[in-house]
**Student:** 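Take a look at this one; I'll ask things after.
Residue indices begin at 1 and follow the sequence shown.
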Amino acid sequence: MRWFDKLLLLPQSRRCSITVALLTLGGLIVVLFGIWLLGTIFWLHKPPSTEPHRPPPPAVAKSPNGTWLQPEPCSQIPEAWRFDCYPERGAVVTEEMCHARNCCFIQRSQAKTSGRNGVPWCFYTPDYPSYELVSITDTEIGKVGKLLRNKKTYYPKDIDALQMEVLYEEDNRLRVKITDPAEKRYEVPIDVPVVQKKAPNPSYTVDFIKEPFGLIVKRTQTGTVLLNTSIAPLFYADQFLQMSTLLPSRFIYGLGEHRSNFLHDVQWNTLTMWARDVPPMELTNLYGVHPFYLSMESDGMAHGFFMLNSNAMDVALQPAPALTWRMIGGILDFYIFLGPDPSSVIAQYLDVVGKPAMPIFWALGYHLCRWGYKTSNKIWNVVKEMRNYGIPQDVQWNDIDYMDHALDFTYDTVNFSSLPDLVKDLHRHDQHYVMILDPGISNSQLPGSYWPFDEGMKRGIFINDSNGDVWPGLTAFPDFSNPDTHEWWYQNLKRFHEKVPFDGVWIDMNEPSNFFDGSLNGCPDNELENPPYTPGILGGTLKAKTVCASARQKISTHYNIHSLYGLMEAKATERYRPFVISRSTFPSQGKYSGHWLGDNRSQWKDLATSIPGMLTFNILGIPLIGADICGFGGSTTEELCVRWTQLGAFYPFSRNHNSIDEQEPTAFSPAARTAMKEAILLRYSLFPHLYTLFHHAHISGHTVVTPLLFQFLTDEKTYGIDKQFLWGKSLLVTPVLEAGRDYVVGYFPKGLWYDFHTVSHTSLETLLEIHNSLSINLQAPKDKINLHLREGSVIPTQRPNATLWVSSGQPLHLIVSLSEDGLAKGDLFWDDGETLDTYEKDQYAYIYFTVEQNTMTSEVLHNHEEATYITVETVSFYGVKTEPENVTVNSQEAAFTYRNNQVI
């Protein structure tokens, strides 16, 4: 009963007294309501609270003897479901520290360690205060709700009122944005689709829990819960955002860039994201940031989750299984992709961030590089040796030693005096040249002597107070968030191209990397440099080996856009040359560049970990990916380099690169040299197939290198495989990854598998008829990499030659692997190899091959002049059970041979 209701129940007085009383009371109510309304409006529009934080009333108390009384629910929470209330790295949490945050405390024997926390000692109570959903209404594209927080958290500047938009963008795509309605916050400046109308038949349902607020997303078909944020409190402070969710299974992938298995470990594993220059190592934030994960469900379906946020963050996995996002800025802006299969999930993700560019023809050839050639004549000798031995090579690279004192857009006119002539010679032999550029521009040259810096100062394109130290010494860092910087960069590339006609650009050190922590002048002591929460960044601070977080850029502070630096530089570089390889990456990077896995080492471990790295970047939308073949740091061995060249022949981006030591194929014994040559020739022979795979990646968001689980959804044994992989759907690669081995264990899912090299064998053992998936010991002599064709495929190949341009003029050889019922299919995308964007310009040929009822047909689905140059010289059919009486081609009898291994 309200207080004014009580007044109405008092004994009655005279009629006029009652009237006066009612009028007085009504006026009082109106006044009170007005005061309340004005106060509410003011509260909703005021900035985040800045008063000292008072946590919610204690959830625990002390007993008379001074010990803490733990609430009963604390001990009932299973360890796997304990969500960390004290996630600060390095903190040894005491009972008093934990209870100051009003959380449960149960001490465990193990201590927290960097990167991998273990069961938290301090964790949230089940009823820990969070937001309340006070209203929810329908809109044209979904729903909009209002969230209110009534109790302060333990981080400063809580944002007490939030707006939530739930956008039903597509039948298989849901977007949720949670923002501050009173003050505009930083949002990631990449292009994403803007949807005007609600999806007609969404494959998901969205439910809400009012208090404490929770968001639950389910798959309509199966009822599988894809997102459940009610399991831990939502935090939304100015510099600390936290949201947790259950996962439907332990099978989770993505979340780059980290060195790990392809399948992430959910046993208390925290992954930090903040672009950093560091040689790849486990449990460390590396060069790129990709807050996207793919999750497999228990029934073989899959979904994806993308957190569109570029601030420093931790992503904590725990064995419930569950995941917690912790970010120190921006907004909560996330997508859920419903698939329902993994390939569809990746395509839906790339519909949002952008599909990868179609690489220029020659980029898929073999690349050579070394840091330490010392002279251009030495490079020339290496190139000539490669030609003399008949080892294919399409691209020659240079690291920074070609520069004059490590200055961008220069070359050493003494030691590299013949560089322009070398590049011209490469072009005469249908080869190409790529050179490195670092973003740091020297600011210590004499005024008027170094155009890049002088012109940059005139145009005001450098990050404020970005005095760093990189290879040329003291440097300034260009602000690639500024459109003027893109024009300045373009002019620098154009001016240098007039001296050295390069064909592509390698952009390195673009995290950005700095040999100082911050700036020569130091960084301010403020909340951007020292946020209330710092994720588990290598070095412990945001400025570690990079620019000050508080440095101002055109569109925001470096605090917000640090991890976008490589993406923005790639975008500026791609304007001038279509082939770009970048070290630092961010979602949508595939539209502008490829990536390599960084400064690895000449070790067997690095050989093996390159496969999960390659698989991960394919699901992140950057299929042009590879590792430094034979290793960058340290000295390789002949055996390691042979095995790495065999694997590297199946990297989408295939480059041999080393620091100082010689490790080109020509540097080894004749036997090793021959084995490497055969591996590279095998790659070149498969180029038509590889080029077609990239076409599908470009137009449909497919993977080029494909995890086995993508093709065998019901075979859970494939979910953790990252020592084998597929090209597309059909070509299975099983490399040797350990020293001293002449065999390798390969896993074969159910079906027919053919040894790719069958045509040169006569044994029926080259046909694997797998009725139940199993692992098989495969012979792997030093000169062989195991390659198997999956049933039902048609693979176009070509006679290989010294360069892809020469190879491309050769006729096709089609390899057909028949299914048990005699079916197969495949395709070929072809263009002139020079024109860019041929699909968009309608200047390409596309041919589809099918085999059924003992008849193979090829259908030109898209015609172009290029199709007239394509001829088929031979066809091999694997799995023909009986010898045919005759074979006809276009109604004419043709000569054929039949082998007892069921090959025509």
Side-chain angles (χ1 to χ4, degrees), residues 649-650 678 681-690 692-693 706 708 711-712 724-734 744 746-774 776 778-780 784-800 811-828 847-858 872-889 894-904:
F650 291 91
E678 289 303 314
L681 286 169
L682 177 58
R683 175 190 181 85
Y684 275 54
S685 72
L686 288 165
F687 170 75
H689 181 53
L690 180 60
T692 302
L693 293 178
T706 305
L708 268 73
Q711 293 299 310
F712 302 95
Q724 294 171 276
F725 57 92
L726 295 161
W727 261 17
K729 300 177 181 180
S730 304
L731 203 57
L732 177 62
V733 184
T734 309
V744 62
Y747 182 78
F748 289 85
K750 182 179 178 180
L752 294 179
W753 295 91
Y754 300 88
D755 187 333
F756 182 83
H757 309 287
T758 289
V759 75
S760 61
H761 297 279
T762 57
S763 171
L764 253 179
E765 293 174 1
T766 54
L767 166 63
L768 299 175
E769 188 171 353
I770 309 299
H771 297 287
N772 294 296
S773 303
L774 76 162
I776 299 175
L778 303 169
Q779 294 302 308
K784 178 185 178 182
I785 182 169
N786 274 278
L787 200 58
H788 289 82
L789 282 169
R790 185 183 178 188
E791 63 175 305
S793 59
V794 179
I795 304 292
T797 70
Q798 229 167 12
R799 189 182 306 130
L812 295 179
H813 170 60
L814 303 180
I815 300 178
V816 181
S817 54
L818 296 174
S819 66
E820 184 67 35
D821 49 4
L823 302 178
K825 59 184 179 180
D827 57 354
L828 173 69
I847 302 167
Y848 196 73
F849 305 102
T850 57
V851 180
E852 58 182 340
Q853 296 181 342
N854 293 330
T855 301
M856 179 177 190
T857 59
S858 63
V872 177
E873 184 176 52
T874 56
V875 184
S876 294
F877 296 88
Y878 296 2
V880 181
K881 296 177 181 178
T882 59
E883 182 175 358
E885 293 182 2
N886 58 66
V887 175
T888 60
V889 177
F896 71 96
T897 57
Y898 181 81
R899 301 175 185 269
N900 62 7
N901 58 352
Q902 300 185 356
V903 174
I904 290 182

**Student:** Without swapping roles, check the side chain of Y747 against the backbone of L708 for a donor-acceptor pair under 3.5 Å.
**Tutor:** no

**Student:** Check whether Y754 reaches the backbone of V816 with its side chain - one donor and one acceptor, N or O, closer than 3.5 Å.
**Tutor:**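 Judged by distance alone, no pair lies under 3.5 Å.
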
**Student:** Would you say the side-chain atoms of T706 pair up with the backbone N or O of G728, donor to acceptor, closer than 3.5 Å?
**Tutor:**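 Yes: the side chain of T706 pairs with the backbone of G728.
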
**Student:** Within the side chain of S817, is there an N or O that forms a donor-acceptor pair under 3.5 Å with the backbone of Y878?
**Tutor:**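 No, because the side chain of S817 does not come within donor-acceptor range (under 3.5 Å) of the backbone of Y878.
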
**Student:** Any chance you could measure L789, atom CG, to L731, atom CG, to the nearest 0.5 Å?
**Tutor:** 5.5 Å

**Student:** Could you check whether any side-chain N or O of S876 sits under 3.5 Å from a backbone N or O of I815, counting only pairs where one atom can act as donor and the other as acceptor?
**Tutor:** no

**Student:** Determine whether a donor-acceptor pair (N or O, by modelled atom type, separation under 3.5 Å) exists between the side chain of W727 and the backbone of L690.
**Tutor:** no

**Student:** Take the angle between the ring planes of F712 and W753 and call it parallel below 30°, perpendicular above 60°, tilted in between.
**Tutor:** tilted

**Student:** Establish, from distance only, whether the side-chain atoms of H689 and T797 form a donor-acceptor pair under 3.5 Å.
**Tutor:** no

**Student:** I need the H757 NE2 to H788 NE2 distance, nearest 0.5 Å.
**Tutor:**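 Rounded to the nearest 0.5 Å, the NE2-NE2 separation comes out at 8.5 Å.
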
**Student:** So, K881 and E820, do they make that salt bridge, N to O below 4.0 Å?
**Tutor:**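 Result for this pair is yes, salt bridge flagged.
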
**Student:** Quick check on N772: does its CG atom have over 12 non-hydrogen neighbours (other residues, nucleotides or ligands) under 6.0 Å away?
**Tutor:**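 No - once you tally the heavy atoms of other residues, nucleotides and ligands closer than 6.0 Å, there are 12 at most.
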
**Student:** Can you check whether F687's main-chain N or O pairs, donor with acceptor, with Q798's side chain at less than 3.5 Å?
**Tutor:** no

